Amino acid sequence: MKPYPDREDGKRVWLSQDEIEMVIDEAENTEQEIAFKLGANCGLRRKEIARVRVKDLVTDEKGHYHLRVWEDFAKHDHYREPPVPDSVANKVEAMADFGDLDDNDQIIDYTDKTVYRWLMRATARLEADTGDEGWDRVDVHDLRRSWATHILGQGVLPSVVMSWGGWKDWQTFRRHYLGEFSPEVLEREREKVEFYADGDPLDAQPTANTTVPSGGHYADD
């Protein structure tokens, strides 16, 4: 969790994959589950979650699912195609097969403000259950932020993450994301340090550190 560099209020939050699953488990129905996953597993913005339609779910030549996320929803002239987990695609297809949705229907037939309220209710319950006030800081955009940082930590090329997430300006993306790390990456690096990994600090052998980590302040996108 970090403050915004250009705002006095709010925090930028990175959720671990376990925390993402906790959020998803708080979904009250299938639509809420899909909405949370569109942000946390596909990198969609809040307004995009409320706009994608059934026919925007497509497959490539290998049968892998993608979503066509239109940059200009009115004109439909440019789009990106982030991957979609099978679990999400199968639920969408099941809703369509049972007659709940037509091809032109929005997958989430609610406004983006409603999606926001769904997440606020979910995180309020998590805060009450865990006693962790950090849940009060989580916003819908933090699902997208956590998605991008997580897949970068898994080794996905930054240019591919930009394409999937709809970022066009390299300098902005580099400042916002390449200097941040998912909780899993931080834990992995922590385990490399002997006295952090339940070792004896007296036995740790000091070594020269010749690597200068990158840093800076990052905005939101």
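Everything numeric here is computed off the predicted structure, so don't read it as measured data. The chain is numbered in sequence order, starting from 1.
In this structure, Arg125 contributes its side chain and Glu26 its backbone to a donor-acceptor pair below 3.5 Å. Not one N or O on the side chain of Asp56 forms a donor-acceptor pair closer than 3.5 Å with the backbone of Val52. Of the possible polar contacts, none joining the His66 side chain to the Thr59 backbone as a donor-acceptor pair under 3.5 Å is found. Within the 3.5 Å criterion, the main-chain N or O of Leu126 finds no donor-acceptor partner in the side chain of Asp129. Between the side chain of Asp102 and the main chain of Asp105, no donor-acceptor pair closer than 3.5 Å is present. Checking side-chain atoms of Gln154 against main-chain N and O of Ile151 turns up no donor-acceptor pair under 3.5 Å. The main-chain N or O of Val13 is found under 3.5 Å from a side-chain atom of Asp142 such that the two form a donor-acceptor pair.
Side-chain atoms of Pro85 and Cys42, non-hydrogen and from C-beta on, do get closer than 4.5 Å to each other. Side-chain contact check for Met95 versus Glu31: some heavy-atom pair is nearer than 4.5 Å. For the pair Thr123 and Leu119, the minimum side-chain heavy-atom distance is below 4.5 Å. In this structure the side chain of Tyr79 never reaches within 4.5 angstrom of the side chain of Val69, judged on heavy atoms. The closest side-chain heavy-atom distance from Glu93 to Leu57 is below 4.5 Å. At a threshold of 4.5 Å between non-hydrogen side-chain atoms, the residues Trp135 and Met22 count as touching. No side-chain heavy atom of Gln32 sits under 4.5 Å from any side-chain heavy atom of Tyr110.
In this model, a donor atom of one side chain and an acceptor atom of the other lie less than 3.5 Å apart for Trp14 and Thr149.
With sequence neighbours excluded, the residues that form a side-chain contact (heavy atoms from CB on, under 4.5 Å) with Asp136 are Glu127. With sequence neighbours left out, Lys55 forms a side chain to side chain donor-acceptor pair (under 3.5 Å) with Asn104.
Seen from the ring of Trp167, Arg144 counts as a face-on cation partner, given the 6.0 Å and 45° thresholds. Geometrically, Arg80 does not engage Trp164 in a cation-pi contact defined by less than 6.0 Å to the ring centre and at most 45° from the axis.
For the pair Lys37 and Glu21, the salt-bridge criterion is not met [side-chain N within less than 4.0 Å of a carboxylate O]. Classification of Arg45 and Glu48 as a salt-bridged pair holds, one side-chain N sitting under 4.0 Å from a carboxylate O.
Here the OG-NE2 distance, from Ser146 to His141, works out to 9.5 Å after rounding to the nearest 0.5 Å.
Tracing side-chain contacts under 4.5 Å through hydrophobic residues (I, L, V, M, F, W, Y), one never reaches Val58 starting from Val84; they form parts of separate clusters. Under a hydrophobic clustering in which Ile, Leu, Val, Met, Phe, Trp and Tyr are joined whenever their side-chain heavy atoms come within less than 4.5 Å, directly or via other members, Leu152 and Leu157 fall into the same cluster.
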